[in-house]
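See structure below.
Throughout, protein chains are lettered first and strands after them, A, B, ... in sequence-line order, and every chain is numbered starting at 1.
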Protein chains: 2
Amino acid sequence: MARPTRPSAGDRPTSFDIAELAGVSQPTVSRALRGDKTVSERTRMRIEAIAQQLNYKVDRAASSLRRGEVKTLALLFFEDPLPDGSNINPFFLAMLGSILKTCSQRGYDLLTSFQRWSADWHVDYEDARRADGLILLGYGDWEDYRARVEQLVAQRTRFVRWGAPSGVGTTIGCDNVAGGRAAGEHLIERGCRSIAYIGEASHHYPEFRDRYAGLAQALRTAGLPVDPRLHVDALSVEQKGYEAVQRLLARGITFDAVFCASDLIALGAMRALNEAGRSVPGDVALVGFDDIPAASHTHPPLTTVAQDYGRGGAELVDTLIRQIEGEATHDLLLPSRLVVRASA
Amino acid sequence: MARPTRPSAGDRPTSFDIAELAGVSQPTVSRALRGDKTVSERTRMRIEAIAQQLNYKVDRAASSLRRGEVKTLALLFFEDPLPDGSNINPFFLAMLGSILKTCSQRGYDLLTSFQRWSADWHVDYEDARRADGLILLGYGDWEDYRARVEQLVAQRTRFVRWGAPSGVGTTIGCDNVAGGRAAGEHLIERGCRSIAYIGEASHHYPEFRDRYAGLAQALRTAGLPVDPRLHVDALSVEQKGYEAVQRLLARGITFDAVFCASDLIALGAMRALNEAGRSVPGDVALVGFDDIPAASHTHPPLTTVAQDYGRGGAELVDTLIRQIEGEATHDLLLPSRLVVRASA
DNA sequence: CGCGCGTGTGAATACGTATGCTGCGCGCTT
DNA sequence: AAGCGCGCAGCATACGTATTCACACGCGCG
């Protein structure tokens, strides 16, 4: 290739073809198209015209090989969808949109992968130079997740994660404490005095823990007790929310509100309350978290805490790119927002 | 690089490093790791052990450059999400899951992009060798879409599209006619005699057209008239469904059922019917199409026609890969399935 | 009038992998 | 005993781009 061979055998035009047509050398073509200032305006225009005409596009593989970066980010989702892939967590999908958009604006491609579905390590992406950096969403098993994240840090992989800041890696997330507090304050304002909480409150799911902490803050501020018997553990799945309310009812404790750590839980909770003959919001007020699309279609429409996915996705991408470019990056907490509908 | 230089300056191990440690040449390493039978079992084992130990991974860019294929598919979505990316068509998301899974199983990466968000042509993906083939989902403006698809055919790009077979490119889709017919038959069985249809019925959206055609078949088979006054055009957006029902009501025609070309339309229709004091399914039976997640959370839960997204995504990927491998590929029509809930 | 400098371009080469061809040694055929 | 085929591995090189270095030219200045 170093020799001025004419490699344009038959197919795709190369920079050599453009060079020949423009009467310049291949390096000049490369420089011109990358906007190098050492190429004269006249030459550049000529080269660009020819490139356009031949529909020439820089070969991504060759360019990546030479430059050592692939201009691609990888999005890894740590959660098990159903086998047919139908039941993807809505939050993921909401974030995907803004991530894609921001990537596109910044000139990066986006690879997507479900961690459980890839045969090999998640770190493969960076090892094989398939991506310049990683975006981590969700986490199935917290212990496993944490171990993997620490490994990423150890091998200096560039990545950002969405969630609650936990000291490991750069983290972007919404203010779950404030969100939980807002939900609690709203319920208290509405006159609720016994607010149940459904969701993890332990360290396994830092985000859920923070939402619970926010609720507890609101209760204390209002001078209300934080009753552990009003707390039921549940994973973020509709069915688990349903079962959690049944357990709560079985305890025989009175409650006039339920704050659910996620909308999926809230959907299940609403179903269970309906079946038990408790009207929402008449007998029991209900607040969720996430503002998934289905939240506005429930009956009654679900009051919930919205995370700013649009901004979240953009910040994830921008932060990661800054990190790839060598900057030090920091955790970021985005505001959450109470969406008042009819369930409280 | 041809010379036995030791390029392992500092960073990532290369096949030369493995070769040196294993006491063989670089080509032998390459062959061993690709499973070439001309490498003896003993040598291969040794090389694999060393590669594993050094956490060596084949450099994707170099490999792609040499082999001329990138082992990557690109998913292009032709539809405008809201600016913040929050409101992505649920059908897209449902399909994404199974596409990702199948890609992963077949050893392909997946690039995702919204056509409107990429500055350059959609064809860039193949031109720049960023992907070996394209998957096309959705289409905003049919004329524009069709022109682009024809261009893809002209330049021999390998691609598959989801939708109604229309003679251009390989198309995978669900049987929209059968789905529409099933919806119609169900409504007729339930005693409905004046079935309104909301959605495009023209050539602009072939899938919608087919759904309408299916409904018409069912009506004719039952000896019922196909009344054009019972048809209202609407794009697949909640708000448009809402407005369509209002227009329908304004016409003053009686109807005892509405078949919506999509669930999003049906959501809007349900809202409009509720506001107009028509109970569902008491006064008006309602059937949608798509079975989006929100469909089961409406009040009453929406009866709808489900497309097999799980199989659809898998077929899209497998068909595309076959095409990339040089096979001739054919259109495929997947069965649709009526999901009976409470709205009819 | 010679020297240096800035501007624009070409020559050579590196990036890491994959593969066609060559070569070597060994066992087996005739 | 000479030749032949086969199993295995090395040599050289191609893939297409980006960058470093060298160089030619023109111009101003001393």
Nearest-Å distance for atom pair CG/P, residues B:Leu33 and C:dT17
9 Å
Would you classify A:Val29 as touching base, sugar-phosphate or nothing, given that sugar-phosphate means primed atoms plus P, OP1 and OP2, and contacts are heavy atoms under 4.0 Å?
nothing
Is any side-chain heavy atom of B:Ser113 less than 4.5 Å from a side-chain heavy atom of A:Leu100?
no
Separation of C:dG16 atom C1' from B:Ile18 atom CD1, nearest Å, is 12 Å
Could you please spell out the steps behind the salt bridge (charged side-chain N to carboxylate O under 4.0 Å, His left out) verdict for B:Arg148 and B:Asp144?
CA-CA 6 Å; B:Arg148 287 170 185 276; B:Asp144 178 55; 3.1 Å; yes
Does a donor on one side chain and an acceptor on the other come within less than 3.5 Å for A:Thr319 and A:Thr329?
no
Set of ring pair (Phe, Tyr, Trp, His ring centres under 6.0 Å) partners for B:Tyr108, sequence neighbours left out
none
Below 3.5 Å between N/O atoms, which protein atoms pair up with nucleotides 22-27 of chain D? Just atom names and distances, please.
none

Can you label the angle between the A:Phe78 ring and the A:Tyr145 ring as parallel, tilted or perpendicular, going by 30° and 60°?
perpendicular
Looking at every heavy atom in both B:Thr14 and B:Asp17, which two are closest together, and how far apart are they?
N-OD2, 2.7 Å
For atom CZ of B:Arg129 and atom C1' of D:dC15, their distance in whole Å:
10 Å
Heavy atoms from other residues, nucleotides or ligands near CD of A:Glu150 exceed 12 (cutoff 6.0 Å):
yes
I'd like a table of atom pairs between the protein and nucleotides 18-21 of chain C - only N or O on both sides, under 3.5 Å - with the distance next to each one.
| residue | atom | partner | partner atom | Å |
| --- | --- | --- | --- | --- |
| C:dA18 | OP1 | B:Arg34 | NE | 3.3 |
| C:dA18 | OP1 | B:Ser63 | OG | 3.0 |
| C:dA18 | OP2 | B:Ser30 | OG | 2.9 |
| C:dA18 | N7 | B:Gln26 | NE2 | 3.2 |
| C:dA18 | N6 | B:Gln26 | OE1 | 3.0 |
| C:dA18 | N3 | B:Arg66 | NH1 | 2.2 |
| C:dT19 | O4' | B:Arg66 | NH2 | 3.3 |
| C:dG20 | O6 | B:Arg31 | NH1 | 3.2 |

Between B:Thr43 and B:Val24, is there a side-chain heavy-atom distance shorter than 4.5 Å?
yes
Test item: B:Thr170 and B:His330 side chains (from C-beta on) under 4.5 Å apart, heavy atoms
no
With a 4.5 Å limit on heavy-atom distance, are the side chains of A:Ile135 and A:Ile99 in contact?
yes
Using the rule given for salt bridge (charged side-chain N to carboxylate O under 4.0 Å, His left out), can you reason through B:Glu41 versus B:Arg44, listing the C-alpha separation, both sets of side-chain angles and the distance that settles it, and then say yes or no?
CA-CA 5 Å; B:Glu41 184 68 9; B:Arg44 194 177 56 72; 2.8 Å; yes
Under 4.0 Å, heavy atom to any atom of DNA chain C: which of residues 40-48 of chain A qualify?
A:Ser40, A:Thr43
Can you run down the salt bridge (charged side-chain N to carboxylate O under 4.0 Å, His left out) pairs that involve residues 156-165 of chain A, sequence neighbours left out, and say none if there aren't any?
A:Glu126-A:Arg158
Between C:dT9, D:dT17, C:dT17, spot the one nearest the side chain of A:Thr38, thanks.
C:dT9
Before accepting this row, confirm whether a basic side-chain N of the pair B:Arg130/A:Asp109 lies closer than 4.0 Å to the acidic partner's carboxylate O.
yes
B:Leu65 CG - C:dA14 C1' separation (whole Å):
12 Å
What is the distance, to the nearest angstrom, from the NZ atom on A:Lys57 to the C1' atom on D:dG16?
16 Å
Angle between terminal axes - the helix from C:dC1-D:dG30 to C:dT30-D:dA1, 5 pairs each end, rounded to 10°:
60°
